[in-house]
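Worksheet for the structure shown next.
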Amino acid sequence: MQKILVTGGCGYIGSHTIVDLIENGFDVISIDDNSRSTTYLTDGIEKITGKKLKNYKVDLKNFDETLAVFQENEDIMGVVHFAAYKSVSESVEMPLDYFENNLFSLINLLKCVKEFSVPYFVFSSSCTVYGNPDKIPVTEESPIKKAESPYGATKQMGEEIINEFSESYHYNSVLLRYFNPVGAHPSALIGELPLGKPQNLVPAITQTAIEKLPQLIVYGNDYDTRDGSCIRDYVHVCDIAHAHTLALQYLVEKKNITNCDVFNLGTGNGVTVLEAIKAFETVSGIKLNYKIGQRRSGDVVAIYANNDRAVKALGWQIKYDLPDMMRTAWAWELQVKKDEELMQKQNPVLN
Ligand code: WQD
């Protein structure tokens with residue numbers, strides 16, 4: 001079986017991608033320092049796939065420890081790199097931590113890829129590289145504008161680094177630009193586990209619905225859109241996960257056009273914040289407690305993808321629609337609550 005190293009494998013998109021890779025016949029190991037994740041999701045991976053994930057609790061900023069993982073696994077034939085800090089607002093407060101963590105990790109990883117001649121590299125990028133686009137839907141040729149945050153800048157620089165690396169050393173990479181990954185695995189055994197108060201819309205919706213949060217604030221309804229709230233391209237995390245498997249297969253089958261092909265991973269449908277809330281209310285039967293608040297600085301007014309290239313070149317097919325996204329996100333939130341209550345019963349002293 002072909003062995004793939006997934007970095008950030010204990011995280012939201014990493015864990016869903018590992019499930020998809022295993023289900024498509026790959027052998028997978030993970031590097032995750034658990035600085036922003038726990039083993040909760042790896043337990044879920046095992047329940048879904050029957051396979052116990054080998055996770056190396058290593059900080060990718062530590063080159064020697066990262067190299068040791070490659071020395072122990074000389075049969076790694078591909079890397080899927082998720083591990084990074086990803087909060088837009090936090091990156092504004094601590095830009096140097098973001099540049100250090102996200103870029104030093106990537107550079108160390110690429111040094112190991114070169115040292116061990118690992119042929120394939122897939123990078124978790126983001127639509128944030130487009131900034132506030134002049135024209136939507138955005139294609140992969142849409143202009144890369146000034147990043148709206150240090151987080152977005154690390155994704156733009158990361159793409160540049162991988163591009164130059166792949167060209168200079170004739171490696172084969174794929175950059176996947178996610179739009180807004182949401183939802184959870186249909187089993188409700190893995191999903192999004194935001195640390196602290198959720199920044200992103202869908203976990204904020206489900207945590208409000210389950211009364212973990214007192215009320216959802218809609219950050220502005222005075223934008224120039226059909227209902228005044230911002231437009232995004234929400235895409236199910238399982239569709240995003242499967243695109244990584246397709247990207248690896250695309251590289252293995254030498255279908256890539258350049259040393260560093262780029263793909264938009266969005267559904268092509270723009271959805272407003274208020275429409276997303278309505279979709280949640282419809283599938284959950286819950287009237288969501290929200291109010292309209294001030295705009296959030298750095299928010300893009302409207303962005304959604306032209307995904308033709310991923311559909312044609314990768315054979316990517318969107319399987320989940322907006323109701324599925326909300327239904328699986330809600331089922332996951334209910335499951336987490338059940339697990340928390342079970343843990344409380346078993347360890348009352350913890351709370
Ligand atoms: C979506 C919309 C908010 C929370 C970011 C990163 C992107 C990717 C996904 C990593 C916006 C509104 C949100 C809330 C709200 N991250 N909102 N109330 O900002 O589009 O993208 O996360 O890869 O790179 O930039 O996602 O979910 O934070 O916001 O009204 O409590 O929901 O204003 O319009 P965003 P988001």
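Numbering of ligands and ligand atoms starts at 1, following listing order.
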Parallel, tilted or perpendicular for Trp330 and Phe280, by the 30°/60° rule? perpendicular
Classify the side-chain pair Tyr250/Asp261 by whether it contains a donor and acceptor separated by less than 3.5 Å. yes
Is it true that Phe26 and His244 have ring centroids separated by less than 6.0 Å? no
Quick check: Asn200 and ligand 1, any N/O pair under 3.5 Å apart? yes
Cys230 heavy atoms within 4.0 Å reach ligand 1 at atoms 34 (O)
Report the nearest protein non-hydrogen atom to atom 35 (P) of ligand 1: residue, atom name, distance rounded to 0.1 Å. Asn180 ND2, 3.5 Å
Cut-off 3.5 Å, side chains only: do Thr272 and Thr225 have a donor facing an acceptor? no
Taking only heavy atoms of Leu216 into account, list the atoms of ligand 1 that are under 4.0 Å away from them. 31 (O)
Which residue supplies the protein heavy atom nearest to atom 12 (C) of ligand 1, what is that atom called, and how far is it? Val273 CG2, 3.9 Å
N or O contact, Val88 vs ligand 1, cut-off under 3.5 Å: no
For atom 15 (C) of ligand 1, which protein heavy atom lies nearest, and how many Å away is it? Tyr219 CD1, 3.3 Å
Given Tyr56, which partner from the list Asn73, Asp32, Thr66 fulfils the side-chain hydrogen bond (donor to acceptor under 3.5 Å, both in side chains) test? Asn73
Which bit of Gln199 gets closer than 4.0 Å to ligand 1, counting heavy atoms only: side chain, backbone, both or neither? backbone
Taking heavy atoms and a distance under 4.0 Å, where does Tyr234 meet ligand 1: side chain, backbone, both or neither? side chain
Provide the number and element of each atom of ligand 1 under 4.0 Å from a heavy atom of Ala204. 31 (O)
Can you tell me if NZ on Lys145 sees more than 12 non-hydrogen neighbours from other groups inside 6.0 Å? yes
closest protein heavy atom to atom 27 (O) of ligand 1 is Leu201 N, 2.7 Å
Classify the ring geometry between Phe121 and His81 as parallel (under 30°), tilted (30 to 60°) or perpendicular (over 60°). tilted
Atom 33 (O) of ligand 1: closest protein heavy atom, distance to 0.1 Å, is Asp299 OD2, 2.5 Å
Polar proximity ligand 1 side, Lys86 side, N/O cut 3.5 Å exclusive: no
Less than 4.0 Å is my threshold; does some heavy atom of Tyr223 fall inside it relative to ligand 1? no
Numbering as shown, the atoms of ligand 1 that approach Val218 to under 4.0 Å (heavy-atom distance): 30 (O)
Heavy-atom nearest neighbour in the protein, as seen from atom 24 (O) of ligand 1, with distance rounded to 0.1 Å: Ser126 OG, 2.8 Å
Near Tyr151 (heavy-atom distance under 4.0 Å), the atoms of ligand 1 are 10 (C), 16 (N), 23 (O), 24 (O)
Would you call Glu141 and Arg309 a salt bridge, taking side-chain N to carboxylate O under 4.0 Å as the test? yes
For atom 29 (O) of ligand 1, what's the nearest protein heavy atom and its distance? Arg296 NH2, 3.2 Å
Ligand 1 versus Ile217, non-hydrogen atoms closer than 4.0 Å: side chain, backbone, both, neither? backbone
Could you see which bit of Val300 sits under 4.0 Å from ligand 1, with heavy atoms only: side chain, backbone, both or neither? neither
So for Thr128 against ligand 1, with non-hydrogen atoms under 4.0 Å, the contacting part is side chain
Students often mix this up, so state it plainly: with edges at 30° and 60°, are the rings of Tyr98 and Tyr151 parallel, tilted or perpendicular? perpendicular
Grouping I, L, V, M, F, W and Y whenever their side-chain heavy atoms are under 4.5 Å apart, do Val237 and Leu189 come out in a common cluster? yes
With under 30° as parallel and over 60° as perpendicular, where do the rings of His185 and His16 fit, or are they tilted in between? tilted
Evaluating non-hydrogen atoms only, which member of Arg232, Arg177, Lys155, Gln215 is closest to atom 20 (O) of ligand 1? Arg232
Please step through salt bridge (Lys or Arg N to Asp or Glu O under 4.0 Å) for the pair Lys54 and Asp27, ending with a clear verdict. CA-CA 10 Å; Lys54 170 83 179 141; Asp27 178 23; over 6 Å; no
